[in-house]
Amino acid sequence: METQMDSFRMFLAKQAIKMGNIAGIWKIALPPLEKVAYKIMIEKGDRIKNGSYYQREDKYYMVFNVLRAAFKAYDSSSPAFRKRITGIFIKEFLGPTQQSVKQEFKEKYGVYPPGFITISPEGRCNLKCKNCYASSIGSNLEKMDSTTFTRILHEKYEKWGSWFTVISGGEPFMWQDNGIDLIDIAAQHPEQIFMVYTNGTLIDKVRAQRIASVGNLLPAVSVEGFKNETDNRRGEGTYRRILDAFENMRQEGVPFGISITANNNNVDVLFSDEFIDFYFDKQGAVFEWIFQYMPIGRGADVAGQLSPEKRREIWFREQEFIRQKRLVVADFWNSGSLSSGCIAGGREDGYLYIDWKGNVYPCVFVPYWKDNVGKLLSEQRSLTDALFSDLFRGIREWQLSYSFRKPPEIRGNEIRPCFMRDHHEQAHNLFVETGALPGNQSAEICLNDCSYLNAMKEYDLELSRLLDPIWEEKYRL
């Protein structure tokens, strides 16, 4: 059945590239193809790989929501983006050409490689947002050099078959090295697509024109709600500058999305119909990544994270966005059913995170590390070696023991998938056992603070009590 699904994906990818008229596929071909895919992906899908019937539905909706968004964005995109949408995104998303590279990796190392990485090449930011995880580093001005940056991108593509890279920060558009900036890096790697988490305030007309010209860099602009919520956290005038950035990108044909961080102060605004209509319909965002406030940064406050009750509430709301509104919306905690659980630690089709110092972390939200890219290179080793540290292996072993690739009847609850947040005691024990190094002072404090550990354990128990019944009812069979 997986062979049938692969053939179907290849067929759709070839038709998209052959026709060139993406609007034609979007309006005519996609609906009947969705019906065919429904039978292949859901009614006859692989239970071990893709989970229960309801979980296979989750994945089906997201696959076709992404395709709908890509086809729709095509019409208003610059020529360079149109070329990349058909030449890289649709082709790789539906019919991966790098599968042979991944298979070679599997034969050599016994596991498949990660699907992507997140890199923060720059520690600085032009804003001072409250409770930002990056601000836990303080005023450190270190940055990654362009040579190291490029070597990482080459290795992930050539050795892992990974064509997608996420860029975070600090503010990524502040990064420069030897006259090279982030847009230059994207231009030097036309075989890859870059998604950039940015505050948006530096996307003026000139930068929007440059982004449009390379065609493989997608901004994900951080918003906190509307004007009051955004300016309150990010500084007066930020909201206006974000709207200007949206206008600049629309004028130049740059597809973009939004990134939100839900906390107790803005969660109701972020999940309102008004918010969704404004950013998707009026502003033209094509995707939304949902983060929940994570108590790991400067002055970690467990009480500041969304309550288990609120998290349960927004799970139902997110299901509406995905299944009824057909939006590309993903929550890095509540949407674990889409990714078959936790994707940290360099898991197959998952990822790892590298900061501006070159430290290699299992996840953006797991601030503990064992390897450094610079040190690996000086020892004639590579980024691949970092995948096999005891820290990374330990996380992948936990993933396998909890849910990954398990039959639905014994699969752990993947709507509370996070190793760091939802199963914090196991995470804490692994950090201690492996001697993982804290990435900042706050992470060190959290590792040795019994009150923090106990509060997270209590949170996880209550989360289990509220979310496990959903899993048992909808996802078990």
Salt bridge (charged side-chain N to carboxylate O under 4.0 Å, His left out) between Glu379 and Lys375, intermediate numbers included: CA-CA 6 Å; Glu379 297 171 347; Lys375 188 171 186 296; 2.4 Å; yes
Expected output: side-chain Gln55 to main-chain Ser337 donor-acceptor under 3.5 Å: yes
Ser340: which of Lys59, Lys49, Glu348 passes side-chain hydrogen bond (donor to acceptor under 3.5 Å, both in side chains): Lys59
Thr261 side chain vs Gln292 backbone, donor-acceptor pair below 3.5 Å: no
Phe321 ring center within less than 6.0 Å of Phe280 ring center: no
Gln399 side-chain N/O to Cys342 backbone N/O, donor-acceptor pair under 3.5 Å: yes
side-chain contact (heavy atoms from CB on, under 4.5 Å) between Gln103 and Tyr112, intermediate numbers included: CA-CA 7 Å; Gln103 189 60 43; Tyr112 284 105; 2.8 Å; yes
From CD (Gln176) to CD1 (Ile183), nearest 0.5 Å: 10.0 Å
Trace of the side-chain contact (heavy atoms from CB on, under 4.5 Å) decision for Asp349 with Phe404: CA-CA 11 Å; Asp349 294 328; Phe404 190 54; over 6 Å; no
Straight-line distance of Leu153 CG to Ile185 CD1, nearest 0.5 Å: 6.5 Å
Under 3.5 Å, sequence neighbours excluded: what are the donor-acceptor pairs made by side chains of residues 383-390?
from   : atom 1 : to     : atom 2 : distance (Å)
Thr384 : OG1    : Glu155 : OE2    : 2.7
Thr384 : OG1    : Trp160 : NE1    : 3.0
Asp385 : OD2    : Ser382 : N      : 2.9
Ser389 : OG     : Phe392 : N      : 3.2
Asp390 : OD1    : Lys370 : NZ     : 2.8
Asp390 : OD2    : Lys370 : NZ     : 3.3

Passing candidate, ring-ring contact (aromatic ring centres under 6.0 Å, His included) with Phe116, options Phe164, Phe194, Tyr353: Phe164
Arg421 charged N/C atom sitting above Phe365 aromatic ring, 6.0 Å / 45°: no
Check: Glu171/Asn199 side-chain N/O donor and acceptor closer than 3.5 Å: yes
Point-to-point distance, once rounded to the nearest 0.5 Å, from CZ of Arg84 to CG of Leu217: 11.5 Å
Parallel, tilted or perpendicular, as decided by the 30° and 60° cut-offs, for the rings of Tyr109 and Phe105: tilted
Nearest-0.5 Å distance, CD1 of residue Ile415 to OG of residue Ser403: 12.0 Å
Test item: Asn65 side-chain N/O and Ile322 main-chain N/O as donor-acceptor pair under 3.5 Å: yes
Under 3.5 Å: donor-acceptor pair, side chain of Tyr452, backbone of Pro295: yes
Check: His423 side chain, Arg416 main-chain N or O, donor-acceptor pair, under 3.5 Å: yes
Arg124 side-chain N/O to Gly170 backbone N/O, donor-acceptor pair under 3.5 Å: no
Among Val360, Asn359, Ile354, the one residue meeting side chain to side chain contact (heavy atoms under 4.5 Å, CB included) with Lys357: Asn359
NE2 on His428 to CG on Asp449, rounded to 0.5 Å: 10.0 Å
Geometric class of the Trp289/Phe332 ring pair [parallel <30°, tilted 30-60°, perpendicular >60°]: perpendicular
Under 3.5 Å donor-acceptor, Asn50 side chain and Met41 backbone: no
Centroid separation Phe278 to Phe226 less than 6.0 Å: yes
Donor-acceptor contact present, side-chain Asp58 to main-chain Leu338, <3.5 Å: no
Atom pair CG/CD1 of Leu270 and Ile314 - distance to nearest 0.5 Å: 9.0 Å
Ion pair Arg210/Asp184, N-O distance below 4.0 Å: yes
Any donor-acceptor pair under 3.5 Å from Arg234 side chain to Leu127 backbone: no
